[in-house]
Amino acid sequence: MPADDVDVLLGAVVSVGRGLELSTTLRRLVRAAADLVDARYAALGILGDDGQISQFLTVGLTDSEIRAIGPYPRGKGILGELIRHPAPLRLPDLAAHPGSVGFPPNHPPMRTFLGVPLQAHGSPFGNLYLTDKRGGGEFTAEDQRLVEGLASAASVAVENARLYSEAQLRERWAHGNDEISRRVLAGDAPEDVLDAVAAQAMAVAEADLAALLTPDDDLPRHLRVRAAVGVGAGRLLGTTVPIGATFAAETYLSGQPTVTADAGADEGITVATQPAGTVGPLAALPLGGPGRTVGVLTVGRRRGTPPFPAVVVEALGAFADQAAVALELAERRRDAERLAVVRDRDRIARDLHDLAIQRLYATGLSLQGVSRRLEQRPDAEPDAERVTRAVDDVDETISLIRTTIRGLRSADDPRRVGLRSRFIAEVEAATRTLGFSPAVRLDGPIDTLVPPATADHLVAVLRETLSNVARHARATRVDVTLRVRDDVVMTVSDDGTGVPDDAHLSGLANLERRAEDLGGSFELERGDPGTTVRWQVPLEQ
Ligand SMILES: Nc1ncnc2c1ncn2[C@@H]1O[C@H](COP(=O)(O)OP(=O)(O)OP(=O)(O)O)[C@@H](O)[C@H]1O
Ligand SMILES: [Mg+2]
């Protein structure tokens with residue numbers, strides 16, 4: 001090799017080896033190869049875990065030229081030739097080679113070709129493609145030797161960068177776990193832990209979007225998005241996905257991860273990755289292993305970005321396992337807290353009964369004795385009257401305490417939370433997706449008169465209508481009312497865009513069915529602006 005060339009090669013090797021970021025290293029490598037042999041165009045095809053090209057870096061093409069050409073090649077034609085036979089390939093005319101499949105429309109003409117495979121740790125990880133040597137000549141054997149030299153030197157730099165990126169992945173993963181453990185230990189509510197899991201998963205996977213789905217309480221055979229972060233998270237949160245038709249559901253049923261390089265190309269997936277078309281690479285991981293799956297963690301990247309490598313999916317799997325344990329702990333803690341409240345109430349009720357009431361009785365009795373004695377003294381009449389009033393007061397206090405005890409005892413079962421509290425909790429939960437708090441008016445003996453089955457329906461109807469407002473209405477205010485008299489009437493009004501005339505009813509059709517099943521009615525009123533949903537059922541069914 002001439003001394004000049006050695007200099008150029010050394011310069012190229014040094015420039016590639018500088019820095020530790022894999023993507024930067026690779027970009028430097030393509031640029032250095034192009035400069036080294038005077039190629040007008042150069043490209044680096046990185047092989048994915050499936051042996052196909054998963055990432056394509058180019059030199060010499062402008063962004064608009066790249067856009068005009070369309071999706072990068074996956075490994076057909078000459079590019080595939082090098083994948084199948086990882087050996088250098090030098091051609092005077094690309095199109096004349098029997099393996100050539102021609103160029104897509106809008107592709108600039110390219111004639112001379114030099115391809116060199118790249119290896120790291122003894123296995124191929126990609127190929128360097130150089131085309132159109134400047135000056136009109138062909139690539140020479142000398143060019144080939146130079147690029148081969150660069151390729152073998154670069155493999156060390158690439159290997160280093162890979163190790164570095166894996167170390168970073170482990171670091172993000174450890175940090176994510178710490179963050180979640182910290183929240184569980186701090187006693188955060190399960191919803192907040194869910195949010196944290198989604199956020200940390202997005203960071204671990206360097207994804208653009210992450211969501212957590214768990215089985216829905218109201219809709220059988222549906223998963224509901226309980227937490228979402230990143231691109232389109234607002235639209236995703238609260239939506240349901242039927243089990244059996246989607247990517248996430250597949251993972252839920254099998255307890256196995258599912259991974260795709262392009263969700264847009266897969267029919268069933270779009271539902272779980274709104275807005276459709278924005279997400280390419282997607283991975284779904286089970287929360288908890290096979291047979292004890294409690295939910296699904298999905299992460300996605302924007303279309304056109306590299307797919308999730310196997311190491312990342314593996315790390316996410318372990319992360320999801322730990323997240324499942326954390327969630328379980330958070331749930332248990334909440335149960336334990338509820339139980340503690342019940343025990344506390346029970347103790348208070350007992351104390352009130354055994355101590356307070358008995359003592360008041362004693363006080364009342366001795367006051368009665370005093371009153372009788374006073375009655376026998378005519379000069380003490382006003383005092384006697386006062387004492388009698390005090391005795392009445394004591395009686396009334398005793399009956400007040402008895403009512404309180406009954407109240408404490410009837411609230412015994414922590415799972416039978418009153419409709420009023422459930423209703424308010426549901427509205428509060430929607431605040432997160434709406435971005436503002438709905439106004440609520442509750443009217444009438446809600447907890448006493450509404451039977452449990454109707455209460456369950458009401459909560460489900462409220463959830464669906466509020467989720468509709470959050471997802472479709474672009475509203476700035478929502479008014480929720482619940483009135484219980486001879487019947488139960490709930491209204492949810494928003495000041496948003498209104499329901500389009502040609503809307504296809506799905507969740508709303510369910511609301512109608514729920515009302516009809518209970519002998520009630522459902523009305524959708526178009527406001528000016530906005531929408532009012534009125535849901536009414538009688539109390540006696
Ligand atoms: N409050 C609202 N404001 C504006 N548009 C609405 C509102 N509620 C519903 N819509 C429109 O009516 C359509 C039907 O709503 P519906 O709840 O039946 O189905 P969905 O929300 O699209 O799907 P699903 O309920 O199954 O998640 C929606 O797609 C939306 O276009
Ligand atoms: Mg809906």
Side-chain angles (χ1 to χ4, degrees), residues 209 211-228 232-249 252 267-279 296 298 426-427 429-440 456-482 489-517 520-536:
L209 146 79
L212 262 172
L213 299 92
T214 60
D216 193 52
D217 301 334
D218 301 313
L219 275 180
R221 297 191 54 73
H222 276 68
L223 297 176
R224 185 176 285 273
V225 179
R226 298 268 309 274
R235 306 188 112 249
L236 210 55
L237 198 60
T239 53
T240 53
V241 175
I243 290 177
T246 63
F247 197 63
Y252 180 71
E267 271 295 296
I269 295 174
T270 42
V271 194
T273 58
Q274 286 167 346
T278 50
V279 175
V296 179
T298 62
E426 203 58 51
V427 172
T431 302
R432 210 159 57 118
T433 41
L434 285 167
F436 58 86
S437 301
V440 187
D456 288 347
H457 282 296
L458 269 171
V459 171
V461 170
L462 176 66
R463 184 179 298 172
E464 168 61 22
T465 43
L466 288 178
S467 130
N468 275 352
V469 176
R471 283 165 49 219
H472 311 301
R474 288 203 289 277
T476 61
R477 64 166 291 141
V478 181
D479 285 279
V480 179
T481 68
L482 177 61
V489 181
M490 184 180 85
T491 62
V492 176
S493 311
D494 66 67
D495 66 347
T497 56
V499 178
D501 286 332
D502 58 350
H504 169 76
L505 302 192
S506 149
L508 289 174
N510 273 340
L511 302 195
E512 182 155 27
R513 226 166 299 134
R514 282 180 194 272
E516 279 169 4
D517 285 352
S521 63
F522 160 84
E523 281 155 46
L524 191 64
E525 289 158 21
R526 276 144 225 256
D528 185 21
T531 307
T532 298
V533 169
R534 187 173 179 282
W535 196 82
Q536 176 271 339

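Model, not experiment: these values are computed from the prediction. Counting starts at 1 for both ligands and their atoms, in listed order.
The protein atom (non-hydrogen) at minimum distance from atom 24 (P) of ligand 1 is Ser506 OG, 3.5 Å. The single protein non-hydrogen atom nearest to atom 15 (O) of ligand 1 is Leu508 CD1, 3.7 Å, given as residue, atom name and distance. For atom 8 (N) of ligand 1, the closest non-hydrogen atom on the protein side is Asn468 CB, 3.5 Å. The shortest contact between atom 14 (C) of ligand 1 and any protein heavy atom is with His504 O, 3.3 Å. For atom 13 (C) of ligand 1, the closest non-hydrogen atom of the protein is Ala503 CB, 3.7 Å. Scanning all protein heavy atoms for the shortest distance to atom 7 (C) of ligand 1 gives Val499 CG2, 3.7 Å. The closest protein non-hydrogen atom to atom 20 (P) of ligand 1 is His472 NE2, 3.6 Å. Among all non-hydrogen protein atoms, the one lying nearest atom 3 (N) of ligand 1 is Ala473 CB, 3.3 Å.
Closest N/O/S atom of Glu464 to the Mg ion (ligand 2): OE2.
Distances between N or O atoms of Leu505 and those of ligand 1 include no value under 3.5 Å. Ligand 1 has an N or O atom lying under 3.5 Å from an N or O atom of Arg471, backbone or side chain.
None of the N, O or S atoms belonging to Ser506 lies under 2.8 Å away from the Mg ion (ligand 2).
The shortest heavy-atom contact between Glu464 and Gly507 is OE2-CA, 3.5 Å.
Within the 4.5 Å cutoff, the side chain of Val296 has no heavy atoms near those of the Leu212 side chain.
Residues Thr481 and Thr491 bring a donor and an acceptor atom of their side chains to less than 3.5 Å of each other. For Thr476 and Asp495, the side-chain atoms include at least one donor-acceptor pair closer than 3.5 Å.
Side chain of Arg226 to backbone of Leu213: no donor-acceptor contact under 3.5 angstrom is found. At least one donor-acceptor pair under 3.5 Å links the side chain of Arg526 to the backbone N or O of Val499. Counting only distance, with no hydrogens or angles, the side chain of Thr531 and the backbone of Gly527 share no donor-acceptor pair below 3.5 Å. Looking at Trp535, its side chain does come within 3.5 Å of a backbone N or O of Leu511 through a donor-acceptor pair.
Within the structure, the closest approach of Gly496 to ligand 1 does not fall below 4.0 Å when heavy atoms are considered.
Here the CD atom belonging to Glu512 is positioned 8.0 Å from the CG atom belonging to Leu505, to the nearest 0.5 angstrom. Remark: His222 NE2 to Thr214 OG1 distance equals 13.5 Å, nearest 0.5 Å.
The option from Gly507, Pro529, Gly527, Gly498 that lies nearest to atom 4 (C) of ligand 1, judged by heavy atoms, is Gly498. Remark: among candidates Gly238, Pro500, Ser467, Ala509, the nearest residue to atom 31 (O) of ligand 1 is Pro500, based on non-hydrogen atoms.
Those atoms of ligand 1 with a heavy atom of Glu464 less than 4.0 angstrom away are 17 (O), 25 (O). The atoms of ligand 1 that sit less than 4.0 Å from any heavy atom of Thr497 are 4 (C).
Counting heavy atoms under 4.0 Å from ligand 1, residue Thr240 does not touch it at all.
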Quiz item: Taking it one step at a time, do Met490 and Leu458 satisfy side chain to side chain contact (heavy atoms under 4.5 Å, CB included)?
Solution: CA-CA 8 Å; Met490 184 180 85; Leu458 269 171; 4.0 Å; yes
